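All values reported here derive from a predicted model rather than from experimental measurement. Order of the sequence lines fixes the chain letters, A, B, ..., with proteins taken first and strands second; residue numbering starts at 1 for each chain.
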Amino acid sequence: MEWHVEKDRVILRNVTHFNLQQTFECGQCFRWRRLENGNWLGIARGRVVEVEQAGRDIILYNTDQSDFLRIWYGYFDLGRDYGAVQRKLAQNDPVMQEAIAFAPGLRLLKQDFFETLISFIISQNNNIPRIKRIVECLAQNYGRPVVYKEHILHTFPEAEVLGALSEESLRCIRAGYRARYIIRASQQVQELDMEDALERMDSGAVRQVLLALHGVGGKVADCVGLYSGLMPDAFPVDRWVRRVMETLYPGSGTTNEAIAAFARRKFGQLSGIAQQYLFYFARENRIGMDKQGHETDLPTE
DNA sequence: AAACAGGAGCCGG
DNA sequence: CCGGCTCCTGTT
């Protein structure tokens, strides 16, 4: 991949292993939206970007060289050789071969820590359309508006803002019992001033810190760590991943912990990316479900 | 139509 | 280890 800067935009040429739809719709993020012209609009670290996929090129509008290097290069994981990743994962593994073939352009985003934390606290025992609605509602009510063309986007709120809210005032976002978790976790984040510290910890230490937050259990900790780039080897096990593992990797285990351990032995440092290929493949193809949407495997919880 | 099940689970007892 | 939890959607 080469890239060059034009006025107000950055153009990536000869991009491989990068499909915008697969990347934005695989379940790792909740706020990217598709425009009528087919491009995607998103906001991270206070900056709005419009992204176009045009053949083998990817064009980032509303950015410059400085922001590209400071934000988007890392956000889109452009330094990683996904061809090499895929070859390694697919070697002697027909399941991964099929999962990768289903979404070969999926990339793991490095998202803002606090937004990822709150988003995945909201995600528990919830479904994706509703998660998106609640996250967007939080941003519109408590974030800062940023205008781009005819659009008004909102930054994700600061921990200080969410931590100061009452459960009553959060009632309008209809997050249910998760409202309490949002407030308490926000307060803990600002008290601990943890973000810089987390950057210097290894994966296991990050997980321990995350697990101490209200509303964060093992599954949410793994998601937050993985999608904010702090725990690249995490393997979050949810209902979908458990079903796909039980169905396609018989013997991987029955508890979530056993399945995660099996995966980390098998995929090593690439566990996080492997999980994302498997999750998206399983959900889109309803692996382990019958036509009525019921589990075909025996429940293990 | 009203009831029910299930959703990228976690907390408190 | 277990019941309960907010709210919403799809199904019966």
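Note on ring orientation: taking the six-membered ring where Trp is involved, the planes of A/Y148 and A/H151 are parallel (angle under 30°, cut-offs 30° and 60°). Below 30°, between 30° and 60°, or above 60°: for A/F267 and A/F235 the angle between ring planes is below 30°, a parallel geometry.
Hydrophobic cluster membership differs between A/L41 and A/L12, with clusters built from Ile, Leu, Val, Met, Phe, Trp and Tyr side chains linked at under 4.5 angstrom. Residues A/W40 and A/I71 share a hydrophobic cluster, clusters being chains of Ile/Leu/Val/Met/Phe/Trp/Tyr side chains in contact below 4.5 Å. In the hydrophobic cluster analysis, where Ile, Leu, Val, Met, Phe, Trp and Tyr join through side-chain heavy atoms closer than 4.5 angstrom, A/V241 is grouped together with A/I128.
Rounded to an integer number of Å, the gap from CD1 of A/I173 to C1' of C/dC7 is 12 Å. Between A/I182 atom CD1 and C/dT6 atom P the separation is 13 Å, expressed in whole Å. To the nearest angstrom, C1' of B/dG7 lies 14 Å from CZ of A/F120. When rounded to the nearest whole Å, the span between CZ of A/F281 and P of B/dA8 equals 17 Å. We find that CD1 of A/I122 is positioned 14 Å from C1' of B/dG9, with the value rounded to whole Å.
Taking the salt bridge (Lys or Arg N to Asp or Glu O under 4.0 Å) definition, one finds that A/R70 meets it with A/D67, sequence neighbours left out. Residues forming a salt bridge (Lys or Arg N to Asp or Glu O under 4.0 Å) with A/K88 (at least two apart in sequence, or on another chain): none. For A/D81, there are no salt bridge (Lys or Arg N to Asp or Glu O under 4.0 Å) partners, not counting sequence neighbours. With sequence neighbours left out, the side-chain contact (heavy atoms from CB on, under 4.5 Å) criterion links A/E191 to A/Q187.
The stretch residues 203-221 of chain A comes close to DNA chain B through A/L213, A/H214, A/G215, A/V216, A/G217, A/G218, A/K219, A/V220, each having a heavy atom under 4.0 Å from the strand. Applying a 4.0 Å cut-off to non-hydrogen atoms, none of the residues of residues 95-104 of chain A approaches DNA chain C. Interface residues of residues 263-275 of chain A facing DNA chain B, ordered by number: A/Q275; criterion, heavy-atom separation under 4.0 Å.
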Tabulated below should be each protein N or O lying under 3.5 Å from an N or O of nucleotides 1-5 of chain C; please produce it.
none

Protein N or O to nucleotides 8-10 of chain C N or O, pairs below 3.5 Å:
unit_1: C/dC8; atom_1: OP1; unit_2: A/R174; atom_2: NE; d: 2.9
unit_1: C/dC8; atom_1: O3'; unit_2: A/R133; atom_2: NH2; d: 3.4

Is there a side-chain hydrogen bond (donor to acceptor under 3.5 Å, both in side chains) between A/Q86 and A/Y277? Walk through the geometry before answering. CA-CA 10 Å; A/Q86 293 182 357; A/Y277 287 127; 3.0 Å; yes
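For the P atoms, the distance linking C/dG3 with B/dG6 amounts to 16 Å, nearest Å. Rounded to the nearest Å, the gap between the P atom of C/dC7 and that of B/dA1 is 24 Å. For the P atoms, the distance from B/dA8 to C/dC2 is 23 Å, rounded to whole Å.
Taking the six-membered ring for Trp, A/W3 and A/Y73 have ring centres at least 6.0 Å apart. Between A/Y227 and A/F120, the gap from one ring centroid to the other is short of 6.0 Å.
The pair A/K266-A/D93 meets the salt-bridge criterion, since a charged nitrogen lies less than 4.0 angstrom from a carboxylate oxygen.
Applying the salt bridge (Lys or Arg N to Asp or Glu O under 4.0 Å) test to pairs two or more places apart or on separate chains, those with a residue in residues 171-185 of chain A are A/E167-A/R180, A/E168-A/R171. Identified under the salt bridge (Lys or Arg N to Asp or Glu O under 4.0 Å) test for residues 12-26 of chain A, with sequence neighbours left out: A/R13-A/D57.
In this structure, A/A175 reaches the bases: a heavy-atom distance under 4.0 Å links it to at least one base atom across the strands shown. Looking at heavy-atom distances under 4.0 Å, A/E167 makes no contact with the nucleic acid at all.
For DNA chain C, each stem of at least three Watson-Crick or G-U pairs (distances under 3.5 Å) is given as range with range: B:2-7 with C:7-12, B:9-13 with C:1-5.
Listed candidates were C/dT6, B/dG7, B/dC10. Nearest to the side chain of A/R243 is B/dG7.
When the shell of 6.0 Å around CD1 of A/I152 is examined, it contains 12 or fewer heavy atoms from other residues, nucleotides or ligands. Atom CD of A/Q190 has more than 12 heavy atoms from other residues, nucleotides or ligands within 6.0 Å.
Both tests do not hold together for A/R9 against A/Y61: distance to the six-membered ring centre under 6.0 Å, angle to the ring axis within 45°.
Each of A/W240 and A/R180 has a nearest nucleotide on DNA chain B; the 5'-most of these lies closest to A/W240.
Side-chain to base pairing of A/Y227 with B/dA8: one donor and one acceptor N or O lie within less than 3.5 Å of each other.
Neither side chain, A/R107 nor A/Q276, offers a donor N or O lying under 3.5 Å from an acceptor on the other.
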